[in-house]
Structure formats: C-alpha cells, structure tokens
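Written out below as structure tokens is the structure these notes cover.
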Amino acid sequence: MAAARPRFVQLLGRAQRALQRWIEARPESWEGISAAQVGLLFVLRSRQGQPAAVGEIAGELGVAPAAVTNLSKRMQAAGMLERVADEQDARLTRLRMTGSGREASARAGAVLVELNARLAEGFTPAELQIVARWLARAAALEPDAGPR
C-alpha cells in the first residue's frame, strides 16, 4: 500500500500556527513588536545600516508598499525607525533603523536562531535544501495564476 500523499496546505497551516505559538511563548524576546515588524527590521538589518525605500522593502517582504508605509508609521512612532531623505533623489524618503530598532532586531534574531536550530534537528543539509526549495516555491505562488 502506497503512503498517503502529504496534505501540504494543511501541514503548512499547522506549522505556521505552531511557529507563531512558539514565538509568542517568548514575549521577552519580541516584546512590543509583531512578526511583520520583525520582518521589516530584518530587511533593514540585511542592508548593513543603509536605509531602504518603502518599495524596496515591500519587494523583499512580498507585500504592497502601502502595507510597509502603515507598518513603518507605527514603528517610527515606537522609535524603531526613522525616515531619512535620499541622498540622490529629493523626492524619495528612505527608512533606517534606530538604536531601538537594532536592539529589537537583535533580540528577535536570537530567538530565530534558536528556532531554526530546533527545526533543523534530525535533517541532513540536503534534506533542508529540499525543504527550503519547497517553501520558496510556496512563497512565490502568484495569487492570480490559473490552474496548470
């Protein structure tokens, strides 16, 4: 008898909820910031101190620029971000982490290092590459793409 085909959508939903609960059980690490805010901070951290335009951040997060604008307003009010003028284009405003944002990013990063280590336990590097490739494919799904 053949093994039952995995129910990927159900498994992915359960995994997402379990990850969220795991993170929420560590409020000291993500105190006062949401997963979406952490994502924005990680984009800025990956730029090693260089500010980024809202559109650039939206592209990296896979969300609409309006979502980044709204999120960044709350983060700016909380002191994690600041808006700075672009050095080349006076019409463009960029976002940059403040010291508070860098501290929040570091705390969240430490939690995710621990989480990633736990998730990787028992898998070979080759198996993890397959998982990463599958998740990248899921993340790249086009909402308006028709059936194949």
Side-chain angles (χ1 to χ4, degrees), residues 6-145:
R7 298 170 66 188
F8 292 120
V9 174
Q10 179 189 22
L11 291 170
L12 194 56
R14 288 181 61 194
Q16 195 277 332
R17 289 188 295 277
L19 292 172
Q20 190 64 40
R21 285 192 305 271
W22 191 91
I23 290 168
E24 289 171 356
R26 287 144 185 86
E28 72 283 355
S29 300
W30 285 34
E31 186 175 340
I33 58 175
S34 68
Q37 290 173 327
V38 170
L40 197 159
L41 290 174
F42 284 178
V43 168
L44 292 174
R45 187 168 79 175
S46 73
R47 293 173 171 260
Q48 301 173 345
Q50 295 300 313
V54 167
E56 295 167 345
I57 296 168
E60 290 193 40
L61 293 175
V63 299
V68 173
T69 297
N70 290 332
L71 186 63
S72 67
K73 286 178 181 175
R74 291 191 300 272
M75 294 174 73
Q76 185 179 11
M80 290 187 276
L81 298 178
E82 61 186 356
R83 296 182 185 282
V84 294
D86 185 275
E87 294 177 1
Q88 309 287 318
D89 185 347
R91 299 168 297 170
L92 186 60
T93 300
R94 294 183 172 273
L95 301 175
R96 179 172 56 200
M97 276 196 292
T98 63
S100 175
R102 282 188 289 280
E103 290 172 15
S105 173
R107 286 192 310 271
V111 169
L112 293 183
V113 166
E114 179 186 352
L115 177 58
N116 281 324
R118 290 191 64 180
L119 291 172
E121 287 175 2
F123 290 92
T124 67
E127 290 171 327
L128 291 173
Q129 288 302 313
I130 292 170
V131 172
R133 191 178 82 194
W134 185 86
L135 289 171
R137 176 177 283 185
L141 282 176
E142 296 291 330
D144 57 350

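Worth saying up front: this structure is predicted, and the values here are computed from it rather than measured.
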Ignoring hydrogens, what is the shortest heavy-atom contact between [X] and [Y]? Give both atom names and the distance.
X      : Y      : value
Leu41  : Ala104 : CD1-CB, 3.9 Å
Ala36  : Leu71  : O-CD2, 3.5 Å
Leu128 : Ala120 : CD1-CB, 3.8 Å

Worksheet item: Does the pair Glu56 and Arg47 meet the rule for a salt bridge (Lys or Arg N to Asp or Glu O under 4.0 Å), with working shown?
Response: CA-CA 11 Å; Glu56 295 167 345; Arg47 293 173 171 260; 3.6 Å; yes
When you compare the side chain of [Y] with that of [X], does any pair of heavy atoms fall below 4.5 Å?
X     : Y     : value
Ile57 : Val63 : no
Val38 : Ile23 : no
Val43 : Leu61 : yes
Arg94 : Arg83 : no

Item to complete: Can you tell me which residue pairs pass the side-chain hydrogen bond (donor to acceptor under 3.5 Å, both in side chains) test with a partner in residues 97-121, sequence neighbours excluded?
Response: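 Those involving residues 97-121 are Arg45-Ser105.
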Worksheet item: Can you name the residues that form a ring-ring contact (aromatic ring centres under 6.0 Å, His included) with Trp134, not counting sequence neighbours?
Response: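 If we apply the ring-ring contact (aromatic ring centres under 6.0 Å, His included) test to Trp134, skipping adjacent residues, the hits are Phe8.
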Discussion item. Checking side chain to side chain contact (heavy atoms under 4.5 Å, CB included) between Leu95 and each of Val84, Thr69, Val54, which is the one that passes?
Written reply: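 Only match with Leu95 under side chain to side chain contact (heavy atoms under 4.5 Å, CB included): Val54.
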Worksheet item: Which is it for Val131 and Leu119 under the side-chain contact (heavy atoms from CB on, under 4.5 Å) test, yes or no, and what are the steps along the way?
Response: CA-CA 11 Å; Val131 172; Leu119 291 172; over 6 Å; no
Item to complete: Using side-chain hydrogen bond (donor to acceptor under 3.5 Å, both in side chains) as the criterion, list what pairs up with Glu82, not counting sequence neighbours.
Response: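 Scan of Glu82 (side-chain hydrogen bond (donor to acceptor under 3.5 Å, both in side chains), adjacent residues dropped) gives Arg96.
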Worksheet item: In Å, rounded to the nearest 0.5 Å, how long is the span from CE of Met80 to CG of Leu44?
Response: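 Answer rounded to 0.5 Å: 11.0 Å.
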Fill in: Side-chain H-bond candidate by donor/acceptor type, Arg74 with Ser34, under 3.5 Å
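Ser34 and Arg74 do not have a side-chain donor-acceptor pair below 3.5 Å.
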Discussion item. Around atom CD of Gln10, are there more than 12 heavy atoms from other residues, nucleotides or ligands closer than 6.0 Å?
Written reply: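 Atom CD in Gln10 is packed in, count exceeds 12.
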